[in-house]
Structure formats: C-alpha cells, structure tokens
Amino acid sequence: QFVSVYVDYMGPYHQRSSAWFGGNMRGAVMAALASKEADEGVVWLSARSPIERYWRFHAIAEGHADWESSPVYYDPATLDAAQITGRAILVCSPGDPACQSVAGLASWREVQRILEPNGDEAYYVFAKAAQ
C-alpha cells in the first residue's frame, strides 16, 4: 500500500490537489515582486486570501524587507479600478470582479498569468503606468 500512495503523492497528486492549497500564490507574489522591482508601483493584493503571508515571506527572502508592509489590501467584490491611481500592480484571481474591472482598460496591461501545475489559471498580475 505504501508504494501506491508514494507513487501517487510524488506524481499526479500534486496536480489534483494544487487548487485545494490556495492556488499558486508563490508564483503570483514572485511576479508582483518582479513587477514592483521594474515599475516601482504600489502592489494591490486581495484581502480575501492568505496571500499576505506569502507576500511577507517572499519580500524578505528576496531582499526587500522594506516592502513587507507596503501592499494595499482590497476587497475583490468592491474594488473599482478608478480607486487605483498612479503606478500600480494588481494581483487578482480569475473570475474576481477586480480582474474584470481592469482587464479591458487601456491604462492596464497584463503582466503575467500564473498557472497551476495542471495548467489552470490561478492568478493574473496586471500593471498600471502612472498617468
């Protein structure tokens, strides 16, 4: 029995279970950190997910301890793209109204789609240039 559990755990289990663990938050945070390094925008993260822990950990791990408390946390159900002024980086989940509100705007560009191990979309990272 151990062999069959081990083979599954080291193989297809990761793809089947990835969504149960909150999505690829590490990938989303790393993309946001890279975008912040390049564009120096304010990072906006969903207040409805545990992504804050990932942000704090990876900001410090990547040598940006001063960025640890810099994100703005938003409610994806009520965010209005007009609220976001200046340079910004938005991390949102597919289907969130926040993603839909910025996806069609000319002032925003999609930086990266973050995928799950099975290929499903987990997060989007958008950037807005200063106006």
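All values below come from the heavy atoms of this structure, side chains included, with hydrogens, waters and symmetry mates left out. Counting begins at 1 with the first residue of the sequence.
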| Leu105 CG to Gln100 CD distance, which is reported to the nearest 0.5 Å | 12.0 Å

| request: Could you tell me whether a side-chain N or O of Lys36 sits under 3.5 Å from a main-chain N or O of Gly41, the two making a donor and an acceptor? | output: yes

| Does one hydrophobic cluster hold both Tyr124 and Met25, with members joined at side-chain heavy-atom distances below 4.5 Å? | no

| task | Output yes when a side-chain donor or acceptor of Asn24 lies under 3.5 Å from a complementary backbone atom of Leu115, and no otherwise. | result | yes

| field | Any Val29 side-chain heavy atom under 4.5 Å of Ile51 side chain | value | yes

| request: Verify the neighbour count for atom CZ of Arg109: are there more than 12 heavy atoms of other residues, nucleotides or ligands below 6.0 Å? | output: yes

| Between Glu62 and Ala59, is there a donor-acceptor pair closer than 3.5 Å when you use the side chain of the first and the backbone of the second? | no

| query | Rounded to the nearest 0.5 Å, how far apart are CH2 of Trp108 and SG of Cys99? | reply | 10.0 Å

| Do Ile89 and Val125 come within less than 4.5 Å of each other through their side chains, counting heavy atoms only? | yes

| query | Closest heavy-atom contact between Ala77 and Pro97? | reply | CA-CG, 4.1 Å

| field | Of Asp8, Val7, Val5, the residue whose pairing with Tyr13 passes side chain to side chain contact (heavy atoms under 4.5 Å, CB included) | value | Asp8

| task | Measure across Glu52 and Tyr73 and return the closest heavy-atom pair with its distance rounded to 0.1 Å. | result | CG-OH, 3.2 Å

| said: How long is the straight-line distance from CD of Gln112 back to OH of Tyr123, given to the nearest 0.5 Å? | reply: 14.0 Å

| Does Tyr74 have any side-chain hydrogen bond (donor to acceptor under 3.5 Å, both in side chains) partners at least two apart in sequence or in another chain, and if so, which? | none

| message | Are His58 and His64 packed together at the side-chain level, in the sense that at least one heavy-atom pair is separated by less than 4.5 angstrom? | response | no

| said: In the structure I gave you, are the side-chain heavy atoms of Trp55 and Leu45 within less than 4.5 Å of one another anywhere? | reply: yes

| query | For atom OH of Tyr6, is the number of surrounding heavy atoms from other residues, nucleotides or ligands below 6.0 Å larger than 12? | reply | no

| query | Which heavy atom in Val111 sits nearest to a heavy atom in Ser35, and how many Å separate them? | reply | CG2-OG, 4.1 Å

| task | Would you check if Ile84 and Leu79 make a side-chain contact, meaning some heavy-atom pair closer than 4.5 Å? | result | yes

| What's the shortest heavy-atom distance between Leu90 and Ala98, and which atoms? | CD2-O, 4.0 Å

| Would you say Val42 and Arg87 make side-chain contact, with heavy atoms under 4.5 Å? | no

| task | Could you tell me whether a side-chain N or O of Asp80 sits under 3.5 Å from a main-chain N or O of Gln83, the two making a donor and an acceptor? | result | no

| said: For a quick test of reading the model, state the closest non-hydrogen atom pair linking Val91 to Ala32 and the distance between them. | reply: CG2-CB, 3.7 Å

| request: Please assess Arg48 against Asp75 for the test side-chain contact (heavy atoms from CB on, under 4.5 Å), listing each intermediate value before the final yes or no. | output: CA-CA 7 Å; Arg48 291 190 178 185; Asp75 181 350; 2.9 Å; yes

| Which heavy atom in Ser69 sits nearest to a heavy atom in Pro71, and how many Å separate them? | C-CD, 3.4 Å

| query | Would a 4.5 Å heavy-atom cut-off, applied to side chains only, mark Ile60 and Trp67 as touching? | reply | no

| task | State, with a plain yes or no, whether a side-chain heavy atom of Phe126 is found less than 4.5 Å away from one of Cys92. | result | yes

